[in-house]
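Residue numbers start from 1 in every chain, and the chains themselves are labelled A, B, ... in the order their sequence lines are given, proteins ahead of strands. Source: prediction; values computed, not measured.
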Amino acid sequence: MKLGVIILQVLIIHVFLFLGAAMKAVLPLPIPASMFGLCLLFLALYLKIIKLEWVEKGANWLMAELLLFFIPSAVGIVNYDEIISIQGAEIVILIGISTIIVVGMTAFIAEKMTKGKGSEQP
Amino acid sequence: MMILFTAITYLVYRFAKKVYSKWGLPFFHPLLIVPIVLILIISITHVSANQYLEATKWLSHMLGPATVAFAVPIYRHLTTIKKYLGTIIISITSGTLVAIFSTFGLSKLLHLKYDFVTSILPRSITTPIAIEVSKEIGGLPALTTVFVILTGVIGGVVGPTVLKWLSIRTPIAKGLALGMAAHGAGTNKALDYGEQAATFSSLAMIFAAMITLIWGVLLIPPLMHFHHIF
């Protein structure tokens, strides 16, 4: 029962989300509960408190269907009148230019650093 | 209602995903075409957006566990992360800074309203965290979602071209750049360059989200203060 395994593992991952929410309630940091949950799950795996096989299938499913979970919020934009006042074409150009700079800068730095690393360890 | 709307959402999503992965047409990006089709469906059938949102609330809720799930690839690739930690941290920190400053500068040029600027600043990171950063700095989460989605679609189109212009060779650099600039959509694109590129792309996405959370506290508030002065 593949679906059953996925559901069960997603429930285990939920436990870490709830633990993360509990941490958020205690710690006065502007960090989302899910980020605390991520760190807790990582620690649990690292310290071998839980086995990778217990969460791996559920995690893979959640990550593979990530786009599906965004769809309701994307539909929700019809509730915002502000959307109408967006200068659509200008925003697209803004994002386009900024994205070109970000891709270029990140790739350039990473390429320089990995090449340096390659020559150190032939 | 819940089952009906979830089923419709899922079917439209599956169809778009299939078409997108087969032909790669940017317009068929699931995050673009699926909401448009669903908005059409609910307006034709006179269902209010709130009814739809109420029924599919649990899908949005899954963004929480989906974020937690990224602990699994981090754990799986721990040795790679350790080996390239310096490269990842330096390139992604620069990437997040460039993303925030260039977006801020261009928003000023376009004279965007205050809450538009706060909503667009976290646009290059993954939606669940972008929404948190947006709330933190006074943006509108729904608007942020739109900007994040647009970034993903645009990044998938311009990213590979930029990598070609700069003749970037290593899959590590390709992956980091795509994950940094275009979150999950970039990671999806990075698969074209192989598994190593995809791994680094998902790592870039996670690190970009974490680092941007820090900027949301330290850097963006003074920057928005500056917005008021000008």
Side-chain angles (χ1 to χ4, degrees), chain A residues 10 13-14 16-17 20 30-35 37-39 41-42 45-46 52 55-56 58-60 62-63 66-80 82-83 87 90-92 94-111 113-115 117, chain B residues 9 13 30-31 34-35 38-39 49 52-53 56 59-60 62-72 74-75 87 90-91 94-95 98-99 102-103 106 110 124 127-129 132 136 142-143 145-146 149-151 154-155 158-159 162-163 166 168 170 172-174 176-177 180-181 184 213 217:
Chain A
V10 170
I13 294 171
H14 261 94
F16 286 89
L17 181 63
I31 296 173
S34 55
M35 212 39 133
L38 188 159
C39 296
L41 177 58
F42 173 77
L45 287 166
Y46 186 71
L52 185 59
V55 289
E56 199 174 23
N60 286 345
L62 285 167
M63 290 184 289
L66 196 60
L67 297 184
L68 173 65
F69 311 137
F70 292 142
I71 287 166
S73 14
V75 174
I77 64 162
V78 293
N79 277 341
Y80 286 80
E82 287 96 336
I83 294 290
Q87 307 115 299
E90 291 180 335
I91 297 266
V92 169
L94 181 164
I95 294 177
I97 295 174
S98 171
T99 303
I100 290 173
I101 305 172
V102 176
V103 173
M105 186 67 139
T106 312
F108 182 76
I109 294 175
E111 178 102 329
M113 290 186 74
T114 41
K115 275 192 176 152
K117 203 158 188 133
Chain B
T9 305
Y13 161 80
L31 282 182
V34 180
L38 288 170
I39 290 170
Y52 173 81
L53 289 179
T56 53
L59 279 178
S60 310
M62 294 300 269
L63 282 172
T67 307
V68 176
F70 278 96
V72 170
I74 296 184
Y75 175 72
T87 307
I90 292 174
S91 63
S94 320
V98 173
S102 64
T103 306
L106 291 165
L110 292 182
S124 68
T127 309
I129 310 299
E132 297 292 336
E136 195 65 43
L143 210 49
T145 309
V146 178
I149 291 170
L150 276 176
T151 300
I154 293 170
V158 303
V162 176
L163 294 176
L166 294 175
I168 300 298
T170 59
I172 296 176
K174 288 176 181 169
L176 286 175
M180 168 60 232
L213 273 173
V217 181

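A 6.0 Å sphere centred on CZ of A:F42 holds more than 12 heavy atoms belonging to other residues, nucleotides or ligands. Enclosure of atom CE in B:M62 by more than 12 non-hydrogen atoms of other residues, nucleotides or ligands within 6.0 angstrom is indicated.
Under the 4.5 Å side-chain criterion, counting only non-hydrogen atoms from C-beta, A:P32 is in contact with B:I129.
Chain B forms more heavy-atom pairs under 4.5 Å with one residue of A:A59, A:S34, A:S73 than with any other, namely A:S34. Across B:V98, B:L63, B:V34, the residue that shares the most heavy-atom pairs under 4.5 angstrom with chain A is B:L63. Each of B:L150, B:T151, B:V158 has some count of heavy-atom pairs under 4.5 Å with chain A, and the biggest count is that of B:T151. Here A:L45 is the residue among A:I97, A:L45, A:I100, A:L67 with the most heavy-atom pairs under 4.5 Å with chain B. With respect to chain A, the highest number of heavy-atom pairs below 4.5 Å among B:L166, B:T9, B:L213 belongs to B:L213. Ranked by heavy-atom pairs under 4.5 Å with chain A, the first of B:T56, B:T170, B:T145, B:L176 is B:T170. Counting heavy-atom pairs closer than 4.5 Å to chain B, the top residue among A:A110, A:A74, A:G37 is A:A110. With chain B as the partner, the residue from A:L17, A:L41, A:L94 showing the most heavy-atom pairs under 4.5 Å is A:L94. Comparing B:Y75, B:F70, B:Y52 by heavy-atom pairs within less than 4.5 Å of chain A, the highest count is held by B:Y75.
For the atom pair A:K115 NZ and B:I172 CD1, the distance stands at 12.0 Å (nearest 0.5 Å).
Across every non-hydrogen atom of B:K174 and B:I168, the tightest pair is CE-O, 3.2 Å. Across every non-hydrogen atom of B:T67 and A:L38, the tightest pair is O-CD1, 3.3 Å.
A:S98 is linked by a side chain to side chain contact (heavy atoms under 4.5 Å, CB included) to A:V102, B:S102, B:T103, B:L106, B:R123, counting only residues two or more places apart in sequence or in another chain. Taking the ring-ring contact (aromatic ring centres under 6.0 Å, His included) definition, one finds that A:F69 meets it with A:W61, sequence neighbours left out.
Contact of A:I101 with chain B is made through backbone and side chain together, with heavy-atom distances under 4.5 Å. With a 4.5 Å cut-off on non-hydrogen atoms, B:L53 touches chain A through its side chain but not through its backbone. For B:L38, the part lying under 4.5 angstrom from a heavy atom of chain A is the side chain only.
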